[in-house]
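Working notes, structure below.
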Amino acid sequence: QLQLVESGGGLVQPGGSLMLSCAASGFTLDNFAIGWFRQAPGKEREGVSYIARSGEATFYVESVEGRFTISRDNAKNRVYLQMNSLKPEDTAVYFCAAPPRRTALFASWHRVSEYVSWGQGTQVTVSS
C-alpha cells in the first residue's frame with residue numbers, strides 16, 4: 001500500500017551537491033523507517049543510508065560518511081538525502097525504500113531483502 005516516489009536527481013559536477021527527496025503516499029511516513037539505495041550499471045544495489053521512523057538513528061555506508069546527510073520531515077511526508085562533495089563514483093540510480101510498517105532495522109539496514117516498498121529511482125550523474 002505504501003508508494004514511494006524519488007525526485008531531485010540530475011547532472012552535477014564533481015564536488016557539487018544535490019538533494020534527493022522521497023515522497024510517500026498510502027501511509028504517513030512516520031510509520032516507516034526509510035533506506036536510500038543506489039545501483040550503478042553492472043553493479044549490485046547497495047545501501048547508502050538509513051533513517052529511523054522518528055529520525056533518532058541514522059546509518060551510512062562508509063563511502064559516503066561525512067558527505068551525505070539523511071533527514072526526514074514526517075509532517076511533510078518526506079525523507080531527504082543531501083549529497084555534498086559528490087564524486088564520479090556516486091553516479092547511480094538512487095532509490096528510496098521502506099521495510100514493513102513499524103519495523104526497525106539495525107545491522108541489517110543495508111540488506112535489500114529487508115525492504116518491501118521501493119520507489120522508481122532517480123538518476124544521479126556526477127561528471128565534468
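Sequence positions, counted from 1, serve as the residue numbers for this chain.
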Identify the two heavy atoms, one from [X] and one from [Y], that lie closest to each other, and give their separation to 0.1 Å.
| X | Y | answer |
| --- | --- | --- |
| Pro99 | Ala33 | CD-O, 3.1 Å |
| Ser85 | Ser17 | N-OG, 4.3 Å |
| Ala107 | His110 | O-CE1, 3.1 Å |
| Leu4 | Ala98 | CD1-N, 3.9 Å |
| Ala92 | Gln123 | O-NE2, 3.4 Å |
| Val5 | Gln120 | CA-OE1, 3.5 Å |

To the nearest 0.5 Å, what is the distance between [atom1] on [X] and [atom2] on [Y]?
| X | Y | atom1 | atom2 | value |
| --- | --- | --- | --- | --- |
| Asp30 | Arg102 | CG | CZ | 10.5 Å |
| Met19 | Asn84 | CE | CG | 8.5 Å |
| Leu81 | Phe68 | CG | CZ | 6.0 Å |
| Leu18 | Leu86 | CG | CG | 6.5 Å |

Give a yes or no on whether the backbone of [Y] and the side-chain of [X] come within a donor-acceptor separation of less than 3.5 Å.
| X | Y | answer |
| --- | --- | --- |
| Glu6 | Gly121 | yes |
| Thr122 | Gly9 | yes |
| Asn77 | Leu29 | yes |
| Glu89 | Lys87 | no |
| Ser108 | Leu105 | no |
| Asn31 | Thr103 | no |
| Arg72 | Arg53 | yes |

Counterpart residues, side chain to side chain donor-acceptor pair (under 3.5 Å), relative to Gln3 (two or more places apart): none
Selection residues 24-56 - residue pairs positive for ring pair (Phe, Tyr, Trp, His ring centres under 6.0 Å), sequence neighbours left out: Phe27-Phe32, Phe37-Tyr115, Phe37-Trp118, Tyr50-Phe59
Does [X] reach the side chain of [Y], with side-chain heavy atoms less than 4.5 Å apart?
| X | Y | answer |
| --- | --- | --- |
| Ser49 | Tyr60 | yes |
| Pro14 | Pro88 | yes |
| Ser127 | Thr91 | no |

Cationic N near anionic O, under 4.0 Å, Arg67 to Asp90: yes
With Val79, the side chain to side chain contact (heavy atoms under 4.5 Å, CB included) member among Cys96, Ser71, Cys22: Cys22
Result of checking Gln82, Arg38, Met83 against Leu20 for side chain to side chain contact (heavy atoms under 4.5 Å, CB included): Met83
Neighbour count >12 (heavy atoms, 6.0 Å) for atom CD, Glu44: no
Hydrophobic cluster membership, Tyr80 vs Trp109, 4.5 Å side-chain cutoff: no
